Visitor: 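The structure that follows is given in the form of structure tokens.
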Amino acid sequence: MDKLVLIDGNSIINRAFYALPPLTSSNGLHTNAVLGFTTMLLKVLEEEKPSHVLVAFDAGKVTFRHEGYSEYKGGRQKTPPELSEQFPLLKELLQAFSISQFELAGYEADDIIGTMAKQAEEQGKTAIIVSGDKDMLQLATERVSVWITRKGVSEVERFTPAGIDEKYGLTPAQIVDLKGLMGDASDNIPGVPGVGEKTALKLLHEFGSVENVLAHVEEIKGKLRENIEANKENATMSKELATIYREVPLTYSLDDVSWKGYDSSTLAAAFRKLEFKSLSERLNLGAADEAMTAETEETATHYEVILVDGQSGWEALNGALAEAEAVVVDSAGDNPHQSEGIGLALAAGGRCYVVPYASLFAPEASRLKEWLLDGGAQKISYDLHRAELVLARSGIELSGQSFDVQLAAYLLDPTEADPSLHGLLQRYGLAPIPTDEAVYGKGAKFRVPAAGDLAKHLAAKADAVRRLREPLAEQLEKLGMHRLYYELEQPLSVVLAGMEKQGIEVRAEALKELGTEFQRRLEETTESIYASAGFEFNIGSTKQLGEVLFERLGLPVVKKTKTGYSTDAEVLEKLEPYHEIVRLILHYRTLSKLQSTYIEGLLKEIRPESGKIHTFYRQTIAATGRLSSQYPNLQNIPIRLEEGRQIRKAFVPSEPGWTIVAADYSQIELRVLAHISGDEGLKEAFLKEMDIHTKTAMDVFGVAADQVDANMRRQAKAVNFGIVYGISDWGLSQNLNITRGEAAEFIEQYFQAFPGVRRYMVDIVEKARTDGYVTTLLERRRYLPEIRHSNFNLRSFAERTAMNTPIQGTAADIIKLAMMRMHEELTGRGLRSRMLLQVHDELVFEVPEEELELMKRLVPDTMKTALKLDVPLLAEVSVGSNWYEAK
DNA sequence: ACGATCACG
DNA sequence: ACGTACGTGATCGTA
């Protein structure tokens with residue numbers, strides 16, 4: 001759906017000029033109005049994500065309005081030079097935003113906007129008009145809303161026809177009548193003397209229009225009547241002046257104002273010129289700015305593509321290995337444990353050498369393989385982790401991983417929408433390369449192109465990595481993330497690849513047996529459901545299920561989704577008392593989830609040759625710094641319910657006589673919270689190793705330890721969860737099935753008991769608002785642009801994220817440190833034990849008999865001491881012949 | 001391709 | 001008044 005944003009340029013820049021304190025750049029230019037304008041512009045762009053944007057300006061001095069009324073706008077002071085000098089700056093900046101700007105001799109901005117809005121309306125599009133002038137309200141319709149600035153430009157009031165009715169009791173068309181009666185001092189529209197907004201509204205509520213007021217003037221009493229009678233013509237003329245002309249002969253159309261976003265480097269340059277540092281940071285343009293500076297000095301990128309397909313090619317490549325600047329490996333498919341290699345490219349000394357994957361197995365490739373294996377030869381790439389796995393499956397080892405532009409870019413902004421090389425180049429203002437999709441196609445259309453085209457693309461990618469390395473490395477340095485990258489994330493990626501290559505043995509037989517049982521009960525339950533309903537239907541279809549429950553069986557509708565009835569577990573639990581079928585459906589859901597995701601799903605992932613499952617940990621996905629796991633996800637294997645937990649019995653050691661050792665952090669997030677908030681009560685609770693939920697219950701309910709019953713502890717536990725998630729009374733009330741007021745009461749009690757936590761929550765949100773980002777203990781960073789958003793929902797979400805991310809992210813930092821330490825311990829001590837899995841607060845190992853006693857101490861000790869906090873960390877270890885038993 | 005649902009921390 | 005708990009991935013049905 002197309003959405004236009006139409007901005008009244010003169011109005012907004014004027015507002016901004018008078019609202020903001022004077023501000024000059026180092027060369028003496030005034031910039032406050034441009035800054036205010038830009039703030040407003042970004043607000044509307046971020047909030048509305050328009051497809052079309054236009055800024056309209058008044059043109060010159062004389063408009064058609066002056067023809068009839070020479071005093072029009074006569075009362076206005078001359079534009080001060082401090083403002084006029086900002087118009088060219090603004091226009092230049094709008095160009096940098098790639099936003100269209102129009103003006104037309106003889107017309108004002110609002111006429112252009114009125115005309116455009118009308119066109120938009122006729123074409124079924126929606127529009128938002130932004131102005132400081134309430135006259136604009138006359139343009140509001142169902143499709144056209146109007147934003148009017150309040151308090152300068154920092155806030156806006158959004159008007160729809162309904163909103164105008166609510167506030168003024170008028171239709172949009174009556175706005176001109178309002179102006180006709182009350183006038184507008186700033187435009188020197190006289191109106192009727194003595195009639196302000198209140199009187200004008202009263203008159204219009206009674207008579208409806210200027211004309212009708214004049215026609216019924218004898219019904220009005222006293223001084224007011226005299227004033228109106230004496231100013232009949234003024235009123236009529238004022239109404240005309242206030243009427244926006246909507247038939248401006250525009251020579252451009254809506255298509256001419258379409259907007260596809262701005263180019264980061266262009267905008268970065270414009271901001272730099274204006275010295276808008278905070279805006280640049282807010283949009284995270286710092287890197288683009290730097291990169292661009294570097295790029296212009298370095299001039300354009302030139303390299304020669306060499307497709308290695310013969311003796312001379314290999315010789316050239318071998319000779320260039322010593323000066324390699326980047327190497328990339330492409331493969332087909334998302335799962336690196338299955339995808340086929342496509343080719344390898346090496347950027348070195350102004351050349352890019354491209355080796356089709358099959359050629360890696362030619363005898364001539366031996367020197368290249370030695371180089372790949374050489375830990376002393378630094379590898380700079382994009383997604384080294386994936387490359388290592390792909391190569392490993394072909395028997396080619398990779399060492400010397402030194403810099404990964406994907407991983408670096410993730411640390412610089414973990415929420416970046418497009419982490420592809422193409423996207424990174426764009427973000428850092430470097431010369432673009434084609435997307436993988438453009439070269440390979442996607443989905444069923446995936447094709448490896450002919451050698452020449454493939455070489456070109458791989459070469460471009462290697463060169464792109466070469467160009468990205470320095471700006472990214474510099475930015476890591478600048479943001480204080482040097483150690484996080486080089487000492488933790490980069491080496492961790494190699495450890496992860498090792499764990500994935502190792503894999504974990506999963507007994508297919510055990511899964512199949514369990515699956516047979518699930519299948520039997522699934523069929524049984526299906527029959528019962530059909531019998532209970534009286535007919536058959538697809539239970540897995542939420543659409544059909546909704547119809548059955550809420551239409552045919554007449555159960556009450558608890559909640560709706562945007563596509564129909566909600567039938568999730570929360571809803572079904574509420575419906576259980578009404579009909580026996582509900583319980584059966586819940587049971588069916590549980591079983592079918594287990595069967596399809598965990599029995600059939602996992603069976604498909606067991607490699608027949610080894611009997612193992614090799615997951616793929618993704619290090620650049622989660623915004624908080626956590627890992628994620630794919631193909632399959634081994635971080636969500638059932639545990640909470642006994643029937644699902646059985647699945648874990650299939651996860652076994654891969655060597656006879658070995659044992660599974662699992663260790664998990666106890667309450668790591670609340671311990672992190674105790675540390676970063678510094679709350680004395682919380683710290684003391686952990687120093688004394690109290691049961692934290694019981695302790696919370698004691699403080700929230702104001703009772704002694706022995707008076708805390710199971711229900712109080714359960715509620716306190718939910719409060720603790722809420723605190724970690726970024727508390728809201730609504731969220732807590734949902735979780736505990738209590739009223740919002742009761743939840744608010746719990747939260748208040750909690751904060752009184754743990755005032756340091758309240759201080760943390762307030763401070764971190766404030767800090768996020770000031771800085772635009774939050775950080776973890778290890779300086780991992782997450783930007784929260786929406787924390788300044790005017791939309792309540794988006795802003796609230798950002799605030800909760802500001803509270804949660806330092807907690808969850810620091811916990812992620814800690815277990816990553818522990819993993820590095822464990823890896824060092826295992827290799828350093830020459831142990832045979834292997835680290836296999838990470839599940840956010842848990843590490844799973846397989847351990848030979850003779851190392852069992854050592855590992856039972858070493859793993860929890862290493863985890864506990866991974867990072868020193870003001871409270872102790874606790875890790876609990878357990879042992880078993882499979883993952884189920886190690887609990 | 002996307003929403004709904006549900007598995008985990 | 002606003003209406004969501006934080007972070008993920010896999011599967012299924014439907015558009």
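Chain identifiers are assigned alphabetically (A, B, ...) following the order of the sequence lines, protein sequences preceding nucleic acid strands; residue numbering begins at 1 within each chain. Small disclaimer: the values here were computed from a predicted structure and weren't measured.
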Visitor: Under 4.0 Å: is that the gap between some side-chain N or O of A:S628 and OP1 or OP2 of C:dG9?
Guide: yes
Visitor: For the backbone of A:E48 and the side chain of A:K3, can you confirm whether one donor and one acceptor N or O come within less than 3.5 Å of each other?
Guide: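 The answer is yes, because a donor-acceptor pair under 3.5 Å joins these two groups.
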Visitor: Using a 3.5 Å distance criterion without hydrogens, assess whether the side chain of A:R788 forms a donor-acceptor pair with backbone atoms of A:R769.
Guide: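 The answer is yes, because a donor-acceptor pair under 3.5 Å joins these two groups.
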Visitor: Name the nucleic acid region contacted by A:I621, choosing base, sugar-phosphate or nothing; use a 4.0 angstrom heavy-atom cut-off, strictly under.
Guide: sugar-phosphate
Visitor: Scan for ring pair (Phe, Tyr, Trp, His ring centres under 6.0 Å) pairs involving residues 784-814 of chain A, sequence neighbours excluded, and state none if there are none.
Guide: none
Visitor: Provide the start and end nucleotides, 5' to 3', of the part of DNA chain B that has atoms under 4.0 Å from heavy atoms of chain A.
Guide: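 Both ends considered, the range comes out as B:dA1 to B:dG9.
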Visitor: Which is true for A:S566 with a 4.0 Å heavy-atom rule: it touches a base, it touches only sugar-phosphate, or it touches nothing?
Guide: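 Touches sugar-phosphate only.
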Visitor: What nitrogen or oxygen pairs link the protein and nucleotides 10-12 of chain C at under 3.5 Å?
Guide:
unit_1, atom_1, unit_2, atom_2, d
C:dA10, OP1, A:Y631, N, 2.9

Visitor: Just the rounded figure in Å: distance from P of C:dG7 to CG of A:D813.
Guide: 16 Å
Visitor: Can you identify which nucleotide, out of C:dC2, C:dT14, C:dG7, has its nearest atom closest to the A:K543 side chain?
Guide: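 Nearest listed nucleotide: C:dT14.
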Visitor: Please classify the nucleic acid contact of A:D568 as base, sugar-phosphate, or nothing, using heavy-atom distances under 4.0 Å.
Guide: sugar-phosphate
Visitor: If you look at every strand shown and take non-hydrogen atoms under 4.0 Å, does A:I639 touch a base, only sugar-phosphate, or nothing?
Guide: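 If one applies the 4.0 Å heavy-atom cut-off, A:I639 turns out to touch the sugar-phosphate alone, with no base involved.
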Visitor: Hey, are A:D763 and A:R759 close enough for a salt bridge, meaning a charged N less than 4.0 Å from a carboxylate O?
Guide: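 A salt bridge is absent here (no side-chain N lies under 4.0 Å from a carboxylate O).
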Visitor: Would you mind classifying the nucleic acid contact of A:A812 as base, sugar-phosphate or nothing, using non-hydrogen atoms under 4.0 angstrom?
Guide: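 Touches nothing.
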Visitor: Using only heavy-atom distances, decide whether a donor-acceptor pair under 3.5 angstrom links the side-chain of A:R800 to the base of C:dT4.
Guide: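 By the distance-only test, yes, there is a pair.
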Visitor: Have a look at A:V839 and say if it touches a base, only the backbone sugar-phosphate, or nothing, with a 4.0 Å heavy-atom cut-off.
Guide: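 It contacts sugar-phosphate atoms only.
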Visitor: Just checking A:A718: base, sugar-phosphate only, or nothing, at a heavy-atom cut-off of under 4.0 Å?
Guide: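 A:A718: base contact, heavy atoms under 4.0 Å.
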Visitor: Salt bridge between A:E570 and A:K559, side-chain N to carboxylate O under 4.0 Å?
Guide: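 Salt bridge present between A:E570 and A:K559.
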Visitor: Counting the atoms with a prime plus P, OP1 and OP2 as sugar-phosphate, which does A:T567 contact under 4.0 Å by heavy atoms, base, sugar-phosphate, or nothing?
Guide: sugar-phosphate
Visitor: At under 4.0 Å between heavy atoms, what does A:R618 touch on the DNA or RNA strands: base, sugar-phosphate, or nothing?
Guide: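 It contacts nothing in the nucleic acid.
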Visitor: Once you apply a heavy-atom cut-off of 4.0 Å, does A:K442 come out as touching a base, just sugar-phosphate, or nothing?
Guide: sugar-phosphate
Visitor: Do A:R782 side-chain and C:dG7 base share a donor-acceptor contact under 3.5 Å?
Guide: no
